[in-house]
Q: 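Once you've had a glance at the structure underneath, I'll fire off some questions.
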2 protein chains.
Amino acid sequence: MEKQTITIYDVAREAAVSMATVSRVVNGNPNVKPATRKKVLEVIDRLDYRPNAVARGLASKKSTTVGVIIPDVSNVYFSSLARGIDDVATMYKYNIILANSDGNSQKELQVLNTLLAKQVDGIIYMGNKISDELRLQFDRSKTPIILAGSVDSKNELGSVHIDYVAAVEEAVADLIVHGNKKVAFISGPLDEAINSKYRLKGYKNALAKNNLKYDEELVFETDYSYRAGEILWPAIVSAGATAAIVGDDELAAGVMNGALDAGVKVPTDFEVVTSNNSKITEIVRPKLSSITQPLYDIGAVSMRFLTKLMNKEDVTEKVVELPYGFIKRSSTK
Amino acid sequence: MEKQTITIYDVAREAAVSMATVSRVVNGNPNVKPATRKKVLEVIDRLDYRPNAVARGLASKKSTTVGVIIPDVSNVYFSSLARGIDDVATMYKYNIILANSDGNSQKELQVLNTLLAKQVDGIIYMGNKISDELRLQFDRSKTPIILAGSVDSKNELGSVHIDYVAAVEEAVADLIVHGNKKVAFISGPLDEAINSKYRLKGYKNALAKNNLKYDEELVFETDYSYRAGEILWPAIVSAGATAAIVGDDELAAGVMNGALDAGVKVPTDFEVVTSNNSKITEIVRPKLSSITQPLYDIGAVSMRFLTKLMNKEDVTEKVVELPYGFIKRSSTK
DNA sequence: ATAAGTCTATGAAACGCTTGCAAAGTATGT
DNA sequence: ACATACTTTGCAAGCGTTTCATAGACTTAT
């Protein structure tokens with residue numbers, strides 16, 4: 001009637017060895033005579049024995065599980081990272097506990113707590129606003145933590161991402177080369193380091209290098225939704241922008257459709273560049289030119305990085321920067 | 001140096017009670033004098049004690065974790081379900097272990113095994129092709145299982161989804177009413193019950209009720225990608241179809257863009273209806289008319305259903321059908 | 001005052017596995 | 001044949017909780 005009745009004891013008895021020996025063969029410990037190993041494996045097979053991972057975890061103090069704190073799985077950007085994470089995790093025999101946080105500090109703390117209670121061996125955090133309290137808990141915990149596709153404004157935590165400053169700078173420079181004097185900078189909340197400290201900086205760099213002066217009127221702070229982009233259009237028009245660099249694909253699609261629906265021609269009269277090169281960029285018309293980030297790889301590398309920390313291997317660099325790129329499609333000249 | 005050193009034993013000592021008592025206050029067992037409870041809680045707070053979920057799991061034979069087998073998290077359809085699942089799971093104090101299967105039977109079996117090894121209290125399965133071997137394992141396991149947004153061709157397992165037959169039938173009937181004599185049926189693999197046994201049936205029903213004869217030439221079996229849709233266009237043209245019902249949004253976007261890129265006017269010369277009403281339907285131009293499914297809710301309800309099974313509550317119906325709808329946008333007349 | 005209940009709290013046995021240590025077995029060299 | 005050095009095994013002590021059987025301490029009814 002119960003979940004799992006066959007224990008290591010049963011196997012030991014049937015194979016006429018001690019449970020220690022069974023444990024050794026299950027764990028691939030080499031100190032077992034081949035004949036014994038074979039005998040044990042046969043019994044395991046016959047009894048359909050499956051080691052109880054919970055008991056194992058208790059005894060070994062390892063759960064072979066890592067926690068993943070994600071703002072929202074249903075967002076393509078994050079779910080792409082998650083896919084990379086899971087694939088590598090599987091490769092290294094780990095499972096992932098996925099927990100949505102909505103980027104909400106309270107939930108993050110709460111989630112972190114239950115993850116630690118579950119004795120995860122490591123944590124991957126996605127999110128761009130690390131509250132002081134969360135940082136405190138991160139520091140206090142002995143569990144390895146990696147930020148995936150997210151930046152740590154204080155550079156204390158291990159993280160994997162691209163060089164946002166340079167990427168945005170290039171993209172904006174390109175728009176300027178096309179003759180745009182007024183390029184709008186459209187992003188999510190500026191209290192997220194990725195927007196204020198990195199993307200905006202790249203934007204300013206580009207302006208400076210091209211002798212254009214920074215105009216706050218051209219900076220639009222909103223949230224990451226498609227709808228937010230659509231309704232932003234009138235404001236963009238009144239600011240007189242002729243092009244925009246957008247920090248999120250859905251947002252960019254919204255902005256572009258907002259323009260299109262208002263009868264503006266893209267890219268002839270208005271150019272748009274977005275940042276994440278998610279599927280959406282290819283589905284909209286015109287297709288969106290975009291900074292490209294290896295999303296899957298960022299997740300995969302983060303997880304790989306984490307396995308190193310979990311094995312207490314030495315890692316030379318705390319911050320891994322993956323190469324970014326730029327793909328020109330039809331939303332720019 | 002280690003993960004977590006404060007145990008229930010430390011708390012018991014500090015509070016001068018037995019560990020059994022500490023356990024009771026932690027678990028909200030009422031048989032504790034309020035004064036004692038208060039004292040214990042204070043110590044817990046002071047020591048920053050956090051119960052070890054693994055040890056708890058071993059002792060109680062409950063992991064408060066459910067496994068989620070998903071074809072691909074980075075697919076919006078599935079990640080939307082996943083989001084609903086996680087939210088409800090959190091509500092009921094469960095965590096989810098997310099495992100990608102790519103819809104591959106081998107991986108599914110393998111994943112199922114590790115989930116069971118981890119002693120998950122329940123499993124939510126997404127996928128439309130349950131291999132015999134997998135079904136066998138499902139049956140053999142005493143762990144409750146629910147299919148989310150997926151159908152069980154044999155109707156043995158609990159599941160939550162919409163009435164695909166009726167939904168497709170309505171959508172196709174609508175296309176026929178618009179005067180289309182040749183409506184293409186475009187779906188993913190026909191060896192998936194959802195396509196062959198349900199959607200296709202709805203399609204045939206609609207034809208029959210409108211005195212149109214079924215023509216195999218108009219049935220297109222492909223995979224679920226955007227690209228697959230794009231390259232399918234020529235074939236659709238040669239079959240002479242003037243409208244299509246598509247089983248997946250990305251696929252539909254591909255078909256439509258394929259038409260558009262070939263200079264065909266949508267919906268004037270060709271109408272398209274899709275099936276999942278994901279974000280994509282609103283992002284493309286023209287926006288896609290779609291059958292609507294409450295994706296988030298399907299996930300949420302599945303998880304709720306699962307909690308009932310895990311609590312051994314009686315459930316009257318094994319199959320929960322959620323209401324579907326239809327939203328007319330600009331890809332149909 | 002006594003029997004019979006309630007409440008509270010304790011002790012100690014699981015739960016199923018890993019692992020350090022020691023014992024038993026084998027092989028090798030002389 | 002014997003000492004030496006491995007190689008294989010078994011023993012038993014945890015790992016941190018839950019939970020069952022009990023025991024004390026109070027109440028309450030008689």
Side-chain angles (χ1 to χ4, degrees), chain A residues 1-41 43-44 47-65 93 114 116-121, chain B residues 1-41 43-44 47-65 93 114 116-121:
Chain A
M1 186 60 229
E2 285 318 315
K3 273 185 181 175
Q4 155 103 6
T5 20
I6 304 148
T7 74
I8 199 170
Y9 266 107
D10 302 314
V11 177
R13 182 168 21 74
E14 287 290 309
V17 297
S18 73
M19 53 189 294
T21 299
V22 176
S23 173
R24 279 189 210 105
V25 355
V26 167
N27 292 295
N29 182 314
N31 299 342
V32 183
K33 189 161 45 166
T36 312
R37 178 187 309 279
K38 181 150 176 287
K39 184 173 60 177
V40 173
L41 285 176
V43 175
I44 286 182
L47 263 44
D48 201 19
Y49 165 69
R50 177 189 294 133
N52 179 322
V54 174
R56 263 221 251 216
L58 221 212
S60 66
K61 290 170 162 277
K62 290 203 174 64
S63 59
T64 60
T65 300
K93 314 283 182 205
T114 81
L116 292 177
K118 295 223 164 156
Q119 313 300 116
V120 295
D121 298 332
Chain B
M1 186 66 228
E2 284 318 313
K3 273 187 181 174
Q4 156 102 7
T5 21
I6 303 147
T7 75
I8 198 174
Y9 207 82
D10 301 317
V11 176
R13 182 168 22 73
E14 286 290 309
V17 296
S18 75
M19 54 192 292
T21 299
V22 176
S23 174
R24 261 183 258 110
V25 353
V26 167
N27 292 296
N29 182 311
N31 298 343
V32 183
K33 187 161 48 169
T36 312
R37 178 186 309 279
K38 182 152 174 284
K39 184 173 57 178
V40 172
L41 285 175
V43 175
I44 286 181
L47 264 44
D48 201 18
Y49 164 69
R50 177 189 295 133
N52 180 322
V54 174
R56 257 178 152 167
L58 220 214
S60 67
K61 290 168 161 279
K62 289 203 173 66
S63 60
T64 61
T65 301
K93 312 283 184 207
T114 82
L116 292 177
K118 294 223 165 158
Q119 312 299 113
V120 295
D121 299 332

Q: Enter the distance from A:N31:CG to A:R24:CZ here, rounded to the nearest 0.5 Å.
A: 7.0 Å
Q: Closest to the A:A55 side chain: D:dT17, C:dT18, C:dG16?
A: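 Of all the options, the side chain of A:A55 is nearest to C:dG16.
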Q: Just how far, in rounded Å, is P of C:dC15 from NZ of B:K118?
A: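 Rounded to the whole Å, the gap is 23 Å.
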Q: Take the protein atom CG of B:N29 and the nucleotide atom P of D:dC20, then report the distance between them rounded to whole Å.
A: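 The distance from CG of B:N29 to P of D:dC20 comes to 11 Å, rounded to the nearest Å.
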Q: Which atoms of nucleotides 24-26 of chain C (N or O only) lie under 3.5 Å from a protein N or O atom, and what are those distances?
A:
none

Q: Throw together a table of side-chain donor-acceptor distances under 3.5 angstrom for residues 33-40 of chain B, partners on residues two or more places apart or in other chains.
A:
{"residue": "B:R37", "atom": "NH2", "partner": "B:N29", "partner atom": "O", "Å": "3.1"}
{"residue": "B:K38", "atom": "NZ", "partner": "B:E42", "partner atom": "OE2", "Å": "3.4"}

Q: Checking side chain to side chain contact (heavy atoms under 4.5 Å, CB included) between A:S23 and each of A:V26, A:V25, A:N27, which is the one that passes?
A: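 Between A:S23 and the candidates, side chain to side chain contact (heavy atoms under 4.5 Å, CB included) is satisfied uniquely by A:N27.
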Q: Provide, to the nearest angstrom, the distance between the NZ atom belonging to B:K38 and the P atom belonging to C:dT8.
A: 17 Å
Q: Using a cut-off of 4.0 Å on non-hydrogen atoms, how would the nucleic acid contact of A:S23 be classed: base, sugar-phosphate, or nothing?
A: base
Q: If only side-chain N and O atoms of B:T36 are considered, is one of them under 4.0 Å from the OP1 or OP2 phosphate oxygen of C:dA9?
A: yes
Q: Could you list by number each residue of residues 8-17 of chain B showing a heavy-atom separation from DNA chain D of less than 4.0 Å, or answer none if no residue does?
A: B:I8
Q: Could you tell me how far apart A:I6 (CD1) and C:dG16 (P) are, to the nearest whole angstrom?
A: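 Taking CD1 of A:I6 and P of C:dG16, I get 12 Å after rounding.
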Q: Let me know the distance between NZ of A:K62 and P of D:dG16, rounded to the nearest Å.
A: 14 Å
Q: When you check the phosphate oxygens OP1 and OP2 of D:dG10, does a side-chain N or O of A:S18 lie under 4.0 Å from one of them?
A: yes
Q: Output the distance between atom OG1 (A:T5) and atom CG (A:L47), rounded to the nearest 0.5 Å.
A: 9.5 Å
Q: Considering residues at least two apart in sequence or located in another chain, which fulfil the side-chain hydrogen bond (donor to acceptor under 3.5 Å, both in side chains) criterion with A:S18?
A: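 So A:S18 forms a side-chain hydrogen bond (donor to acceptor under 3.5 Å, both in side chains) with A:T21.
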Q: At less than 4.0 Å, is any side-chain N or O atom of B:N52 found next to OP1 or OP2 of D:dC15? Yes or no.
A: no
Q: May I have all residue pairs that pass salt bridge (Lys or Arg N to Asp or Glu O under 4.0 Å) and include part of residues 11-20 of chain B, sequence neighbours excluded?
A: B:D10-B:R13, B:E14-B:R46
Q: Determine: side-chain N/O of B:K61 to OP1/OP2 of C:dG16, distance under 4.0 Å, yes or no.
A: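 Yes, B:K61 has a side-chain N/O under 4.0 Å of OP1/OP2 on C:dG16.
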Q: Give the rounded distance in Å between these two atoms: CE of A:M19 and C1' of C:dG20.
A: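 Interatomic distance, CE of A:M19 to C1' of C:dG20: 15 Å.
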Q: Holding to side-chain hydrogen bond (donor to acceptor under 3.5 Å, both in side chains), I want the full list of residues that pass it with B:T64, two or more places apart in sequence or in another chain.
A: A:K118
Q: Between C1' on D:dG10 and NZ on A:K39, what's the gap in Å once rounded to a whole number?
A: 13 Å
Q: Starting from the 5' end of DNA chain C, give me the residue, B:A20 or B:A59, whose nearest nucleotide shows up first.
A: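 Nearest-nucleotide comparison on DNA chain C picks B:A20.
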Q: Determine, stepwise, if the pair A:V43 / A:Y49 fulfils side-chain contact (heavy atoms from CB on, under 4.5 Å).
A: CA-CA 8 Å; A:V43 175; A:Y49 165 69; over 6 Å; no
Q: Do A:R24 side-chain and D:dG10 base share a donor-acceptor contact under 3.5 Å?
A: yes
Q: Considering only side-chain heavy atoms of B:L58, which listed nucleotide, D:dG16, C:dT18, C:dA9, is closest?
A: D:dG16
Q: Evaluate B:V22 against B:V17 for side-chain contact (heavy atoms from CB on, under 4.5 Å), listing each step before the verdict.
A: CA-CA 7 Å; B:V22 176; B:V17 296; 3.8 Å; yes
Q: Ignoring the backbone of B:N31, work out which of C:dT18, C:dC15, C:dT8 is nearest its side chain.
A: C:dT8
Q: Donor-acceptor check, side chain of A:S63 to backbone of A:Q119, threshold 3.5 angstrom: yes or no?
A: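 The answer is yes, because a donor-acceptor pair under 3.5 Å joins these two groups.
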Q: What integer distance in Å separates A:L116:CG from D:dG16:P?
A: 15 Å
